[in-house]
Protein chains: 2
Amino acid sequence: MTRQRVAIVDLLDNAADHLDAKKLLEQAKRRVPDIDKTTVYRTIRRLRQLGLIDELDLLHFRHDGHFYELAPDKMHLHIVCTGCGQVREASPQAWADVEREIQAQTGYTIEMARCEVGGYCPECQKKR
Amino acid sequence: MTRQRVAIVDLLDNAADHLDAKKLLEQAKRRVPDIDKTTVYRTIRRLRQLGLIDELDLLHFRHDGHFYELAPDKMHLHIVCTGCGQVREASPQAWADVEREIQAQTGYTIEMARCEVGGYCPECQKKR
DNA sequence: ATAACTGCAAATCTTTTGCTTACAG
DNA sequence: CTGTAAGCAAAAGATTTGCAGTTAT
């Protein structure tokens, strides 16, 4: 295992918010100053192929690139505040039902799901 | 209303599958041969700002760009077959429940949602 | 040893911007 | 007329590829 990979995985593991490739690179540089963006992208791709991380867009609220997070064992929903851009996650209570219904309706087996919701957080609702 | 806009809106309106900017350009060229990609992108942006079309990624199964569809009145889920890439839509039955639960859980008001699910369609399940 | 991993530069792809000309109301 | 839209070329941002040198096992 190389130092650069350790750094990237570690960052994803301990990230407070969702990271995109640029932030990942910036922060990894603190640990491995010579790390290149290519390595970041290559590592992301591997981890994604292995199913270890998930890719998000967060509704492109900030930019058109992608964000990454360690693949959770349970499906969850990302909710982006259209006012302040803050991202929250809702627990997957309802998801099991949705999944069952989709399977019944379409005959598909569900392997993965990305659900991104936009709305106003309680604070931003007051300001309107 | 310009000819190029009519062409683009018309294509989105009558599209059988989901279109990305490139396909939109190709197909619009049949009607307005000199139309430029810039016009396509600008029109897409306007329509999106007006809330008339929705942007999808379809889990980036084909590429990292975006797909567009006329904004439906009811929320629905896109389900992409991981085997053959075919896209289906599931009706929004379950969505109302999910939405209610998210609102209760987080206090957010929900303005929009994009839900993309990956799995295997019945045909591809047989082939495995 | 040797196969996998890295950095660097250049290429590719999608989308945006600046500017000048053309068109619709 | 007058503002809005179109086309063209060039720029910008995200991601990938080719290649030669380096590192882990």
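Each chain gets a letter, A, B and so on, in the order its sequence line appears, and its residues count up from 1. Just the heavy atoms: all of them, side chains too, but no hydrogens, waters or symmetry mates, feed the values below.
- The closest side-chain heavy-atom distance from Asp10(A) to Arg31(A) is below 4.5 Å.
- Atom CZ in Arg62(A) sits roughly 17 Å away from atom P in dG13(D) (whole-Å rounding).
- Between the P atom of dA14(D) and the CG atom of Asp57(A) lies a distance of 14 Å, rounded to the nearest Å.
- To the nearest 0.5 Å, atom CD1 of residue Ile53(A) and atom CZ of residue Arg48(A) are 7.0 Å apart.
- Two residues, Asp34(A) and Glu55(B), neighbour DNA chain C, and the one matched to the more 5' nucleotide by heavy-atom proximity is Asp34(A).
- Considering Val98(B), Asp97(B), Ile102(B) in turn, Asp97(B) is the only one that fulfils the side chain to side chain contact (heavy atoms under 4.5 Å, CB included) rule with Arg100(B).
- Near DNA chain D, defined here as any heavy-atom distance below 4.0 Å, the residues from residues 35-46 of chain A are Lys37(A), Thr38(A), Tyr41(A), Arg42(A), Arg45(A), listed numerically.
- Whole-Å rounding puts the His63(A) NE2 to dT16(C) P distance at 14 Å.
- Interatomic distance, His18(B) NE2 to Glu55(B) CD, rounded to the nearest 0.5 Å: 12.5 Å.
- Residues His78(A) and Glu116(A) have side chains that never bring a donor and an acceptor to within less than 3.5 angstrom of each other.
- At dT14(C), none of the side-chain N or O atoms of His66(B) fall inside 4.0 Å of OP1 or OP2 (strictly under the cut-off).
- Between the CG atom of Leu11(B) and the CG atom of Leu25(B) there is a distance of 10.5 Å, given to the nearest 0.5 Å.
- For the pair Phe67(A) CZ and dG13(D) P, the interatomic distance rounds to 15 Å; values are reported in whole Å.
- A heavy atom closer than 4.0 Å to some atom of DNA chain D occurs in Thr2(B), Gln4(B), Arg5(B), these being the qualifying members of residues 1-27 of chain B.
- Protein atom NZ of Lys29(A) is 12 Å distant from nucleotide atom C1' of dC8(C), rounded to whole Å.
- No single ILVMFWY cluster, assembled from side-chain heavy atoms under 4.5 Å apart, contains both Leu56(B) and Leu24(B).
- At least one donor-acceptor pair closer than 3.5 Å links the side chain of Gln105(A) to the backbone N or O of Ser91(B).
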